[in-house]
Protein chains: 2
Amino acid sequence: MPNSKLYKGSLTTIILKLLNEHDKMYGYEITQKVKELTKGELNITEGALYPSLHKLEADGMLDVEVVKVENRLRKYYKLTESGTKETVNKLEELQNYIKTMQALVGKLA
Amino acid sequence: MPNSKLYKGSLTTIILKLLNEHDKMYGYEITQKVKELTKGELNITEGALYPSLHKLEADGMLDVEVVKVENRLRKYYKLTESGTKETVNKLEELQNYIKTMQALVGKLA
DNA sequence: AATTAATACCTAAAATTCTTATGTATAGTA
DNA sequence: TACTATACATAAGAATTTTAGGTATTAATT
């Protein structure tokens with residue numbers, strides 16, 4: 001199973017960006033979407049995902065809506081206004097970091 | 001003082017790549033070189049750097065040579081053969097991660 | 001002359017973030 | 001009946017970094 005290790009801090013950025021594009025998603029859906037988009041390269045573990053979602057919610061970045069679908073619970077998350085702003089910041093931060101790394105280790109992509 | 005946070009795992013890659021280009025360097029020199037190459041964007045703290053260097057040495061990636069210059073100690077590190085191979089691996093890993101992130105969050109660079 | 005900044009090494013406590021390992025529960029499939 | 005997929009969750013441990021200290025010499029500033 002090929003599975004790149006996450007680099008510190010990038011999980012939050014991934015979550016925010018996906019929610020920015022898909023309006024609302026639930027946790028399990030996020031893990032599947034990441035697998036799909038990266039062709040199995042990156043597997044978000046639930047042990048990392050759920051605590052991250054809870055923290056983003058506690059920080060006011062996400063709103064939650066619990067829905068019962070086929071007798072199973074789903075917790076749909078969506079960006080708050082702050083969350084949308086934070087998404088922009090995080091994406092800039094990531095862009096910037098990649099540029100910085102290129103200055104250090106040469107062209108990478 | 002602008003200072004991007006390091007993403008987990010990237011410090012080792014930075015150290016290896018710099019040593020790959022400069023043959024031998026000492027710790028303090030690495031911090032200064034990173035500052036210079038990133039125009040102050042990235043500051044490698046000594047609390048992160050020295051333990052990393054010691055670990056790379058313990059893992060057989062680096063050789064050390066202690067030199068006294070102007071009555072001050074310098075510990076010059078250079079890549080071992082394993083270290084050179086590991087540098088290639090780490091750079092590939094980073095390249096791959098950036099590609100993966102692009103698949104997730106769109107073109108970033 | 002005395003303090004501060006720069007050079008050069010170091011470690012330890014704390015914080016952060018992730019992996020690994022569990023646990024619960026329902027629905028569908030072999 | 002057992003396994004897989006769906007869907008949530010937490011807790012212990014590992015890994016890496018920040019923060020905060022410590023030692024010592026030399027150069028620059030006050």
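Keep in mind that the numbers below use all heavy atoms, side chains included, and drop hydrogens, waters and symmetry copies. Residue numbers begin at 1 in each chain, while the letters A, B, ... track the order of the sequences. On a predicted model such as this, the values are computed, not experimentally measured, just so you know.
- Checking the phosphate oxygens (OP1, OP2) of C:dC9, a side-chain nitrogen or oxygen of B:Y50 falls inside 4.0 Å.
- Between B:K35 atom NZ and C:dA6 atom P there is a gap of 8 Å when expressed in whole angstrom units.
- Residues A:S10 and B:M101 approach most closely at CB-CE, 3.9 Å, considering heavy atoms.
- Going from atom CG of A:L49 over to atom P of D:dA9 covers 9 Å, rounded to whole Å.
- More than 12 heavy-atom neighbours from other residues, nucleotides or ligands sit within 6.0 angstrom of CD on A:E36.
- Nucleotide D:dT17 holds its P atom 15 Å from the CD atom of B:E46, rounded to whole Å.
- Computed from coordinates, the A:K33 NZ to D:dA7 P distance equals 14 Å when rounded to whole Å.
- Regarding B:L42, its CG atom lies at a distance of 12 Å from the C1' atom of D:dT17, rounded to whole Å.
- In terms of hydrophobic clustering, with Ile, Leu, Val, Met, Phe, Trp and Tyr side chains grouped at heavy-atom distances under 4.5 Å, A:L19 and A:V88 are assigned to different clusters.
- Between the C1' atom of D:dA15 and the OH atom of A:Y7 lies a distance of 13 Å, rounded to the nearest Å.
- Non-hydrogen atoms lying under 4.0 Å from DNA chain D are contributed by A:Y26, A:G27, A:Y28, all within residues 11-32 of chain A.
- Computed from coordinates, the A:L56 CG to C:dC18 P distance equals 11 Å when rounded to whole Å.
- Residues meeting the ring pair (Phe, Tyr, Trp, His ring centres under 6.0 Å) test with B:Y28, sequence neighbours left out: none.
- Residues B:L104 and A:K17 have side chains not in contact (no heavy-atom distance under 4.5 Å, counting atoms from C-beta outward).
- Residues passing the side chain to side chain contact (heavy atoms under 4.5 Å, CB included) test with B:E29 are B:M25, B:Y26, B:Y76, sequence neighbours excluded.
- Using a 4.5 Å cut-off on side-chain heavy atoms (C-beta onward), A:I15 and A:L49 make contact.
- Straight-line distance from the NZ atom of A:K55 to the P atom of C:dT16: 8 Å, rounded to whole Å.
- Pairs engaging residues 59-72 of chain B under the side-chain hydrogen bond (donor to acceptor under 3.5 Å, both in side chains) rule: B:K55-B:D59 [sequence neighbours left out].
- Side chain of B:K8, nearest nucleotide from C:dC18, C:dC9, D:dT18: C:dC18.
- B:A103 is linked by a side chain to side chain contact (heavy atoms under 4.5 Å, CB included) to nothing, counting only residues two or more places apart in sequence or in another chain.
- Contact between the side-chain N/O atoms of B:H54 and the OP1/OP2 oxygens of C:dC9 is not found at any separation under 4.0 Å.
- Residues from residues 58-77 of chain A placing a heavy atom under 4.0 Å of any atom in DNA chain D, listed by number, are A:R72, A:L73, A:R74, A:K75.
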